[in-house]
Number of protein chains: 2
Amino acid sequence: MTAPTTTQMRREIERIPAVVAELLAGDPAPMEELAAAVRRSRPTWAMIVARGTSDHAAVYGQYLLEAYAGLPTALASPSVTTVYGAPIGWHGGLLVAISQSGQSPDVVSVTAAARSGGAITVAITNVPDSPLGAAARHVIACEAGAELAVPATKTYTAQLAVLARLVASLAPESELPDALPAVAPALRSALSQSDGWLERSVDGGALVDAMAAADRALIASRGFNLATALEIALKLKETSGLFAEAYSTADLMHGPLVLANPDVPLLFVRPDGRMGEAVDLAVEAARARAVEPWIVGGPELPAGARTLRLEDGLPDALTPLVYALPGQLLAERVARARGMDPDAPRGLAKVTETL
Amino acid sequence: MTAPTTTQMRREIERIPAVVAELLAGDPAPMEELAAAVRRSRPTWAMIVARGTSDHAAVYGQYLLEAYAGLPTALASPSVTTVYGAPIGWHGGLLVAISQSGQSPDVVSVTAAARSGGAITVAITNVPDSPLGAAARHVIACEAGAELAVPATKTYTAQLAVLARLVASLAPESELPDALPAVAPALRSALSQSDGWLERSVDGGALVDAMAAADRALIASRGFNLATALEIALKLKETSGLFAEAYSTADLMHGPLVLANPDVPLLFVRPDGRMGEAVDLAVEAARARAVEPWIVGGPELPAGARTLRLEDGLPDALTPLVYALPGQLLAERVARARGMDPDAPRGLAKVTETL
């Protein structure tokens, strides 16, 4: 099999800066109205329902809603509603549903149950004219354009951008509104820096080569970028069949760090600031096991052969919009290096139906 | 290195039926009082905070509280409190903290923040006289005895038993109170059946041999037993360095099933009933990829060379107390088969301190 030299997946990744720029520069009125409606309903908690890649956007949304809106936020277990039929007390809640296609039946079912139970419901989807769009009271379109690649990339980042914009509207006094315009330039910069990092030759080969030769990998971060670690790991699985597992660095140190060894590439996502210091504990623990990790991070990251230092200038909370991109590009390139077609991954379909 | 022929870990697993029997037969008054206090505080949502193995008990608790108490239940991201210092709106919430040692500083911090913010706080710990015991308003002792093995086994099941008892007290009209006495006999039966299943020779070797020869594995279930899949995968990682990853069968079918192949042992945990039918979709999808899985399940499970049919007679919600045991025993035996000492896993400590 000949590996394609460019792919739909890569072209979609290259469109991410433009998609995000357009989303963040869009008319603010509908988002302000939605934020006002959410505030009027006075939720005391939130729940996010999603599947697959969208579930990683949900993890990001959970941190955002807790850290900036003060809402304790659950990630839905759809089966509680769809299989167990539990009588959740929805009243007083904010239910956010995230689905690229708007088709996942279990996401639709939970949304419908929450709405009829009295929660305020918001759907974030690329396809507003979908069952999910019909089930939710409020719908936000991701406007990412049709996703042509099977492994979702730009729709993931578009979902993050919509969540960031929504929470910025819910927390207008926070640092988020002023910081949002810096995201698109940071994405353009990340796109231009990523290939060099992926190809940079270091002891034992470049990152792409190391991942292509491995059958296992560990991806770790903490806080907002736990979503990034999950997303990178899933993309490596989907496109390359690599057993890449994502961890919170805190959980990694509670046990699974025993899996780290020089044959298992280890990639950290390290935002600047206090969370970066928390990630550093795991970096040091890995080095104590003679494992030298790769690290994606911000301006505070010390230069190193294996580090990608992105000059993002963003608060931690917005870095996931930028840090996923090098990882998605990594997955695309590892697949090609392994002679696989990232546009036609084995066994992956755009819409998966589960009970 | 000579593998030990019996281990502390095995002896602790063998004690699980007695520990659970004692816990479930204990004086009901303190639990009834706690349930009354929780009801008086009228929580509209719950959050569970835990780390490591206890985090899997938290996943179980999430399903229990949602399905039987109707409380939307979040799993805490401790860093939201400990690193980001977010002002969570704790009032009206039920915070459950789970920690074997009661020492994890981030679990203690979240509990203290929740209590001072007005949530009703409950600690479930094996060491009531601990920082966590001091931080929470209410403390339930697991009474599992000192955990002598480094990878937690009996304390995990004890945590599940305490959660089941608590939620049974919160939902006295449910099926839970009447079903609890059947757990200990089911555990004794599972213990007596497990070795035969683990050693049973089938095409390509017994399960222990297949896992010992593999460097990757997939463990999947759905609903309450997602906790079981997570627990089995973590134990395989901790004791044997096996890259075992746990999935909800729904999420597995959204992508990672591409990782399944005959070299990657696949283990399903399949409760009876509707959730079992949901798991069957993933079993069929695996077979369509020419991967024949191992399955742990209940009386409805068709007999097969790779199946462990446990005559549990329990509602789905209580099966996690029983189904983890064969998996823990699997991890102990795989470690020994690989010449490793499950009592001294590389890099694992009883208490891990994270920011």
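Every chain is numbered from 1 and lettered A, B, ... according to where its sequence line falls, protein lines coming before strand lines. As the structure is a prediction and not an experimental result, all values here were calculated from the model.
Of the atoms belonging to Ser248(A), it is side-chain heavy atoms, and not backbone ones, that fall under 4.5 Å from chain B. Only the backbone of Ala244(A) comes within contact range of chain B, judged by heavy atoms closer than 4.5 Å. Leu75(B) touches chain A through its backbone: at least one of N, CA, C or O sits under 4.5 Å from a heavy atom, while the side chain does not. Neither the backbone nor the side chain of Val59(A) comes within contact range of chain B; no heavy atoms are under 4.5 Å apart. Both the backbone and the side chain of Thr44(A) come within contact range of chain B, with heavy atoms under 4.5 Å apart. For Ala217(B), the part lying under 4.5 angstrom from a heavy atom of chain A is the backbone only. For Ala233(A), no part lies near chain B; criterion is any non-hydrogen pair under 4.5 Å. Residue contact with chain B, scored on non-hydrogen atoms closer than 4.5 Å, involves the side chain of Met47(A) exclusively.
Across all non-hydrogen atoms, the minimal contact from Thr73(B) to Ala74(A) is O-CB, 3.3 Å. Between Gly223(B) and Ser79(A), the shortest heavy-atom contact is CA-OG, 3.9 Å. Contact record, Ala86(B) with Ala67(A): CB-CA, 3.4 Å, taken as the closest heavy-atom pair. Scanning all heavy atoms of the two residues, the minimum distance from Arg274(B) to Thr82(A) falls at NH1-O, 3.4 Å.
Taking OG from Ser77(B) and CD from Glu66(A), the interatomic distance works out to 5.5 Å, rounded to the nearest 0.5 Å.
Aromatic ring orientation, Phe224(B) versus Tyr84(A): tilted (interplanar angle from 30° to 60°).
When each of Tyr247(A), Trp90(A), Tyr68(A) is scored by its heavy-atom pairs under 4.5 Å with chain B, the top score falls to Tyr247(A). Ranked by heavy-atom pairs under 4.5 Å with chain A, the list Asp215(B), Leu242(B), Leu71(B) is led by Asp215(B).
Salt bridge annotation for Glu245(B)-Lys237(A): present, with a cationic side-chain nitrogen under 4.0 angstrom from a carboxylate oxygen.
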